[in-house]
Amino acid sequence: MSADAANHDAHTPSIWDWKRWVFSTNHKDIGTMYLIFAIVAGIIGGGMSGLIRWELAEPGLQVFNGTAFGGFFGDAQSYNVITTMHGLIMIFFMVMPAMIGGFGNWFVPLMIGAPDMAFPRMNNISFWLLPFAFALALMSMFVPGAGSVNGFGGGWVLYPPLSTSGHPGPAMDLLILSLHIAGISSILGSINFITTIFNMRAPGMTMHKMPLFVWSILVTVFLLLLSLPVLAGALTMLLTDRNFGTAFFDPAGGGDPVMYQHLFWFFGHPEVYIMILPGFGMVSHIVSTFSKKPIFGYLGMAYAMVSIGVIGFIVWAHHMFTVGMPVDLKAYFVAATMVIAVPTGIKIFSWIATMWGGSMELRTPMLWAIGFIFLFTVGGVTGVVVANAGIDASLHDTYYVVAHFHYVLSLGAVFSIFAGWYYWFEKIWGVKYNSVLARLQFLFFFVGANVIFFPQHFLGLHGMPRRYVDYADGFAFWNGVSSWGYLIMLVGLAFFFAVLIDAVVRRRKAEANPWGEGATTLEWTLSSPPPFHQFNELPRIK
Amino acid sequence: MRFLTALVLTWIFASTSALAFSVPVDGALNLQPAVTPIMERIHDFHNLLLWIIIPITLFVMALLIWVMVRYNTKSNPVPSKNSHNTLLEVVWTALPVVILIVISVFSFPLLYYQEEIPDADFTIKATGNQWNWTYEYPDQGAMEYLSIMIPEDEIQPGQYRNLSVDYPLVVPVNAIVRLQVTATDVIHNFAMPAFGTKIDAIPGRINESWFQVTEEGTYYGQCSELCGLGHAFMPIEVRVVSQDAFDAWIAAEPGTDESNAVIAAYEAARDTRLAQLD
């Protein structure tokens, strides 16, 4: 094995060879590019949330008033552009590339004992479409959208007529093309993962022996494959409504704006599970590794994810309880939505049962994972609240919803990404990281994110609508608190970069398995970083 | 600890008992005070949910703290290899189902109560525009007027920034009002937090809702569906007055300065009366 590895290391191309990256067909290199891409996009999207919290720090217009900083940040419409782009960037260019493209590419082949992905060249195009999609999205911010204001400010959901007649400029067209390309990228990636997982498992690795992270990616890519074409259809109809005189969503021509919302959320709801399922997978491995115990209720965990995926397709209209649906239809969507709490509860309790009786080491990834479990629980129970159409008459489109989905995404998905990041850091980069700095990052993120988002529950309950550049004076206190939370999180981000700089400067050689007996999946049988090509001789699973 | 509890309780009481204010109260923690039967039911239902979700969250937190204390390398050096417990798995699948059924038992009646519109005394039509509202009283002779936010530099004492408008919606107290909502350009949303009313204003369709305000006063709501540049600046102001005042206001043609004078005079008289009562 080690002779083999050395042999292959010999013709590993230099990292300074541009062809290694541009023409890459290696799942690990492509995964690395996805991760770096996600970090870049995350910094841009996170910077935008900084502008949002700055604007909302106190009543009145501070940043987006058309005159501050020489009018650099524009007016209230520019604020709408920033919130829109924050959502789109974080979803399509940060969370998805990090979880599926980054960790998925890196560890699905390693965990199932495969030499690479099934379609290495398609893997290359899946990645390289993304920077172009991202470029189109960023370009859209610098061409006219509504009136003379640059950019599209209609929210990440792109509801017509605001996204058709409401934004006549080319910004929205660029955004449509951007999402089309990002969608193609994801569909190609999904096909690749499905083929890889079904056909390239090492001998002896049956579906029911597959690591849970692989299960989570499998469910995720099925959701992508089935939901993205619907989004693509809706986007294309928007495009032709805008440019070619069709009236799919224009009531004046017999169309219906609500139809768009149904199509969008048929994609959009599976999308929110796409963003969290890989996190479920990662957290399962981390909890098991550091408890030194096998995962509790493995089959239950796997099929809980499958059932979350299936139910995720039949609950979409709970995002639309105020559009004027018939009451019986609302009642159905309430019932279907609440059912999701059951498999989610199974997962939470199974993680705790995995830790129960274990011999836990609270190392950095485990801190993030435990933080994830708690914060996801908070986001989960507020999800049960907003699932009730009756109470949505108060909470729909308020900051309560903002708090809810940031608890499951900004605190759930992002915490699981960092859990995975520190779990596999040594495996990916081949160097150790400074765990003191990484723990400080966790501490500041945990406190900061809670200070940002917990008060938003109060704002939403008291009626503050979301996507407001300026609010009634009675919402000032908790908005101020929330903005202070952002600064706390910013300190945490500084520690993240400190970890990176420390790792680059000190270059302490990583071990093959830094976590000991609890780390049982196949990636830990390889060196850190793994050889350029691994598993030339397939491992056999007992 | 007792001091902290007392502090928190005082705070909750202060922020929810401020019924005199119909505007958002700074530092408030809860829903706005209810002034319609729908909102009262929403309050009750939300209180029930809090009794479910807060204990669940605390339970999970307690379990996490317990496993961190009890099952770490120091206190439990040899991990168990246990990975199955059928009874436990059945319990944590069945128990959430029971809890969800309990929630549904209270959730569905609330939903159907909101959605089934009772026989209304009259109808108001609200039309969302970028960025103001048109109000119409079809049963009172199809009167129609525009309601626009008062800009920040023209705010008078007693008016609220981002909430007060020039010509508010006026309804009589205790009347059952059927609300019809639509829009002319993009989607808006007619939302009144104190009423428990929130309904999309969508071009090309008319959505219906209803409310019955049981307390006189001035109430504020805000557009709740992103509609562009002025999304944050098209509030909804509703004056709930006595039937007599409403009739006088209707007689003076809503949406004119005369009708506003009627309402202003009415409110001044009412405030004097209330002051005398104190």
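Note that the coordinates shown come from a computational prediction; the quantities given were computed from them, not determined experimentally. Chain A is the first sequence line, chain B the second, and so forth, proteins listed ahead of strands; every chain is numbered from 1.
Note: W66(B) and W356(A) have tilted aromatic rings, judged against thresholds of 30 and 60 degrees for the angle between ring planes. Classified by interplanar angle (parallel below 30°, tilted 30° to 60°, perpendicular above 60°), the ring pair H84(B)/F296(A) is tilted.
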Using atom types as modelled, flag every donor-acceptor pair under 3.5 Å from a side chain in residues 318-339 of chain A to any protein atom, sequence neighbours excluded.
| from | atom 1 | to | atom 2 | distance (Å) |
| --- | --- | --- | --- | --- |
| H318(A) | ND1 | V315(A) | O | 3.2 |
| H318(A) | ND1 | T337(A) | OG1 | 2.7 |
| H318(A) | NE2 | H269(A) | ND1 | 3.1 |
| H319(A) | NE2 | H269(A) | ND1 | 2.8 |
| T322(A) | OG1 | H396(A) | NE2 | 3.3 |
| T322(A) | OG1 | D200(B) | OD1 | 3.1 |
| T322(A) | OG1 | D200(B) | OD2 | 3.4 |
| D328(A) | OD1 | Y112(B) | OH | 2.6 |
| K330(A) | NZ | F321(A) | O | 2.9 |
| K330(A) | NZ | E115(B) | OE2 | 2.6 |
| Y332(A) | OH | I314(A) | O | 2.9 |
| T337(A) | OG1 | F333(A) | O | 2.5 |

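For Y471(A), the part sitting under 4.5 Å from any heavy atom of chain B is the backbone (N, CA, C, O) and nothing else. Proximity to chain B (any heavy atom under 4.5 Å) is shown, for P59(A), by both the backbone and the side chain. Both the backbone and the side chain of Q222(B) come within contact range of chain A, each with at least one heavy atom under 4.5 Å from a heavy atom of that chain. For I199(B), the parts sitting under 4.5 Å from any heavy atom of chain A are the backbone and the side chain alike. Contacts of L162(A) with chain B are made by both backbone and side-chain atoms, with heavy-atom separations under 4.5 Å. With a threshold of 4.5 angstrom between heavy atoms, V384(A) approaches chain B through side-chain atoms but not through N, CA, C or O. For a residue to count as touching a neighbouring chain, one of its non-hydrogen atoms must lie under 4.5 Å from one of that chain's; by this rule I391(A) touches chain B with backbone and side chain alike. Using a 4.5 Å cut-off between heavy atoms, N189(B) contacts chain A through its side chain alone, with no backbone atom that close. Of the atoms belonging to A146(A), not a single heavy atom falls under 4.5 Å from chain B. For F106(B), no part sits under 4.5 Å from any heavy atom of chain A, backbone or side chain. For R41(B), no part lies near chain A; criterion is any non-hydrogen pair under 4.5 Å. Proximity to chain A involves both the backbone and the side chain of N72(B), based on heavy atoms less than 4.5 angstrom apart. Looking at I187(B), the atoms closer than 4.5 Å to chain A (heavy atoms on both sides) sit in the backbone and in the side chain alike. With a 4.5 Å cut-off on non-hydrogen atoms, L100(B) touches chain A through its backbone and its side chain both. For T197(B), the part lying near chain A is the backbone, with the side chain staying farther off; criterion is any non-hydrogen pair under 4.5 Å. Heavy-atom distances place the side chain of N80(A), and not its backbone, under 4.5 Å from chain B. Within the 4.5 angstrom heavy-atom criterion, atoms from both the backbone and the side chain of N82(B) approach chain A. Contact annotation for Q130(B): only side-chain heavy atoms (C-beta onward) come within less than 4.5 Å of a heavy atom of chain A.
The choice from L395(A), V469(A), I346(A), D250(A) that makes the most heavy-atom pairs within less than 4.5 Å of chain B is I346(A). With chain A as the partner, the residue from V181(B), L163(B), T73(B) showing the most heavy-atom pairs under 4.5 Å is T73(B). When the candidates I206(B), N85(B), I56(B), L88(B) are compared by the number of heavy-atom contacts under 4.5 Å with chain A, N85(B) comes out ahead. Of the listed residues (A341(A), G155(A), S350(A)), the one with the most heavy-atom contacts under 4.5 Å to chain B is S350(A). Comparing P193(B), P77(B), S80(B) by how many heavy-atom pairs each has under 4.5 Å with chain A, the most go to S80(B). The candidate from G390(A), G518(A), P251(A), S359(A) with the greatest count of non-hydrogen atom pairs under 4.5 Å with chain B is S359(A). Heavy-atom pairs under 4.5 Å with chain A were tallied for N207(B), V78(B), T93(B); the largest tally goes to N207(B). Annotation: maximal heavy-atom pairing with chain B below 4.5 Å, among P465(A), G357(A), G154(A), occurs at G357(A). Between chain B and the options V481(A), L459(A), V258(A), N479(A), the largest number of non-hydrogen pairs under 4.5 Å is found for V258(A). Of the listed residues (C223(B), P235(B), A201(B)), the one with the most heavy-atom contacts under 4.5 Å to chain A is C223(B). In terms of heavy-atom pairs under 4.5 angstrom with chain B, the leader among D392(A), V149(A), I352(A), I348(A) is I352(A). The most heavy-atom pairs under 4.5 Å with chain A, out of L111(B), I38(B), V97(B), come from L111(B).
Between the side chain of H462(A) and the backbone N or O of N30(B), at least one donor-acceptor pair lies under 3.5 Å. Within the 3.5 Å criterion, the main-chain N or O of S107(B) finds no donor-acceptor partner in the side chain of N388(A).
Note that CE of M301(A) and OG of S83(B) are 11.5 Å apart. Values are rounded to the nearest 0.5 Å. Annotation: the span from L63(B) atom CG to W351(A) atom CH2 amounts to 14.5 Å, rounded to 0.5 Å. Taking OG1 from T377(A) and CG from L58(B), the interatomic distance works out to 11.0 Å, rounded to the nearest 0.5 Å.
Considering every non-hydrogen atom in both V67(B) and M360(A), the closest pair reads O-CE, 3.3 Å. In terms of heavy-atom proximity, Y71(B) sits nearest to M355(A) at CB-O, 3.7 Å. Between P257(A) and P203(B), the shortest heavy-atom contact is CG-O, 4.0 Å.
A salt bridge is defined here as a Lys NZ or Arg NE, NH1 or NH2 lying under 4.0 Å from an Asp or Glu carboxylate O, and D397(A) with K198(B) fails to meet this definition.
For W131(B), the ring-ring contact (aromatic ring centres under 6.0 Å, His included) criterion is met by no residue, not counting sequence neighbours.
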- request: Step by step, work out the side-chain contact (heavy atoms from CB on, under 4.5 Å) result for M39(B) and S394(A).
  value: CA-CA 8 Å; M39(B) 194 59 193; S394(A) 278; 3.5 Å; yes
task: List the steps, then state whether side-chain contact (heavy atoms from CB on, under 4.5 Å) holds for E89(B) with F349(A).
output: CA-CA 9 Å; E89(B) 289 180 71; F349(A) 291 121; over 6 Å; no
- request: Just do the side-chain contact (heavy atoms from CB on, under 4.5 Å) check on H231(B) and Y468(A) with the steps written out, would you?
  value: CA-CA 7 Å; H231(B) 173 48; Y468(A) 263 33; 3.2 Å; yes
- prompt: Stepwise, does the side-chain contact (heavy atoms from CB on, under 4.5 Å) test hold for L64(B) with I373(A)?
  reply: CA-CA 9 Å; L64(B) 284 172; I373(A) 295 171; 4.2 Å; yes
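A heavy-atom distance below 4.5 Å is found between the side chains of F233(B) and D470(A). Side chains of V186(B) and Y159(A) form no contact here, defined as non-hydrogen atoms less than 4.5 Å apart.
For K74(B), the NZ atom counts as loosely surrounded, since its 6.0 Å shell holds 12 or fewer non-hydrogen atoms of other residues, nucleotides or ligands.
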